Amino acid sequence: MIEYEALLRLQDIDLQLMRYSRQLKAMPQQKKIAALDAAKRKLAGQLTKIVGQRKDAEIDVADSEAEHAHLLEVREEVRAKLNASETGYREISSFEAQLTSLAKKLEKVEFRHTDKMAALEKAQKAEKNARDLEAKLDEERVALEASFKQDSADIMAEVRKLAAERKQVVADLDGETLAAYERAAKRFDGLAVERLHGNVPSVCRVKLQPGLYGDLKKGPSIAECPYCHRMLVTEEVAE
Ligand SMILES: [Zn+2]
């Protein structure tokens, strides 16, 4: 390949590679995966809170069950004493008063227990919902990753093809031209080479003064644009 043709091809390949790179970054799956990860982080924070609430509710229920069991035991003891044959009248009325008081306490504990059970069920339900949502988000992420891999596989195949061609094209350039290209590519964000269309460079589009134009036409086929300092291919090249 003639060197200036190789240079122009190299420029096209690199611009295409840049486009593919942007395309990969902008693929809808990437944005969705990022949004999904944000949702997962938020959910993880909520879940920690919900699990804490559920554990507290469990402790509350266990406490109230223990209190209830204790009151029942005490009631049995008092009843046994009340029914003992040697119990006197005075003691009987004391035991009956104790039983009345125990019945009130039991009623109170049972009433509160209903509320505590309701709170526990609510917390368990919230936890289940959060865990279901977590599983759903995980599932979606797996699907998005698979879809990204599939869609990017087409682009990646093109990228590999271009990379192989790039090696061949680079072999047709001498070291100095390649170094100049790399410097210009860095400086001009990839758009390193322009070509002369008539007396107008294709990128900066500043019309060349007749003197400059004459000098460039007499010089080498790869020159430097006197205005923007990109590499300038002075041969007429078909688009
Ligand atoms: Zn220029």
Side-chain angles (χ1 to χ4, degrees), residues 1-41 140-141 143-239:
M1 203 183 259
I2 301 167
E3 191 173 39
Y4 72 80
E5 285 178 342
L7 180 64
L8 289 171
R9 182 61 193 144
L10 177 61
Q11 170 77 99
D12 285 346
I13 288 172
D14 282 351
L15 290 177
Q16 187 58 44
L17 286 172
M18 283 168 75
R19 255 174 246 131
Y20 281 143
S21 162
R22 278 196 298 271
Q23 230 172 300
L24 286 172
K25 278 181 204 145
M27 270 164 70
Q29 294 97 333
Q30 290 298 78
K31 283 177 194 167
K32 283 180 190 162
I33 285 172
L36 214 139
D37 285 346
K40 277 186 66 167
R41 278 194 298 277
E140 275 175 32
R141 201 181 192 289
L144 280 169
E145 271 171 359
S147 154
F148 177 69
K149 210 173 162 190
Q150 194 184 333
D151 289 4
S152 66
D154 298 341
I155 294 176
M156 287 313 292
E158 292 300 314
V159 166
R160 278 192 292 274
K161 241 196 266 173
L162 284 175
E165 192 192 340
R166 192 182 192 280
K167 262 187 201 167
Q168 291 176 341
V169 168
V170 162
D172 284 338
L173 295 176
D174 74 44
E176 220 170 280
T177 308
L178 184 60
Y181 170 78
E182 278 164 359
R183 275 196 307 274
K186 209 170 171 186
R187 180 172 168 195
F188 298 107
D189 231 348
L191 202 50
V193 185
E194 53 186 345
R195 56 184 80 171
L196 209 48
H197 289 155
N199 60 352
V200 180
S202 59
V203 177
C204 70
R205 309 196 73 82
V206 180
K207 198 192 252 180
L208 291 168
Q209 300 296 323
L212 279 175
Y213 177 71
D215 291 347
L216 281 170
K217 290 306 281 186
K218 271 180 262 164
S221 55
I222 299 172
E224 185 183 301
C225 173
Y227 301 122
C228 72
H229 302 291
R230 287 184 173 84
M231 297 178 92
L232 180 61
V233 171
T234 57
E235 301 291 325
E236 287 291 345
V237 187
E239 276 295 343

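Here the structure is a predicted model, which is why all the values come from computation and not from measurement. Atom set for the values below is all heavy atoms of this structure, side chains included, hydrogens, waters and symmetry mates excluded. Read the numbers this way: they start at 1 and go in the same order the structure lists the ligands and their atoms.
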Item checked: E140 vs K32, salt bridge (charged side-chain N to carboxylate O under 4.0 Å, His left out): CA-CA, chis, key distance, verdict -> CA-CA 10 Å; E140 275 175 32; K32 283 180 190 162; over 6 Å; no
Margin query: Going by side-chain contact (heavy atoms from CB on, under 4.5 Å), name the residues that satisfy it together with E224, two or more places apart in sequence or in a different chain.
Written below: H229
Item checked: side-chain contact (heavy atoms from CB on, under 4.5 Å) against S21, all qualifying residues, sequence neighbours excluded -> K25
Note to self: Restricting to distances shorter than 2.8 Å, give the number of protein N, O or S atoms close to the Zn ion (ligand 1).
What the structure shows: 4
Notebook entry, point to check: Looking at CG of L232 and CG of L216, how far apart are the two atoms once the value is rounded to the nearest 0.5 Å?
Noted result: 6.0 Å
Next item on the list: Could you tell me whether K217 atom NZ has more than 12 heavy atoms of other residues or ligands within 6.0 Å of it?
Entry: yes
Next item on the list: Kindly write out the residues that satisfy side-chain contact (heavy atoms from CB on, under 4.5 Å) with R166, not counting sequence neighbours, or none if the list is empty.
Entry: L10, I13, D14, L17, V170, Y181
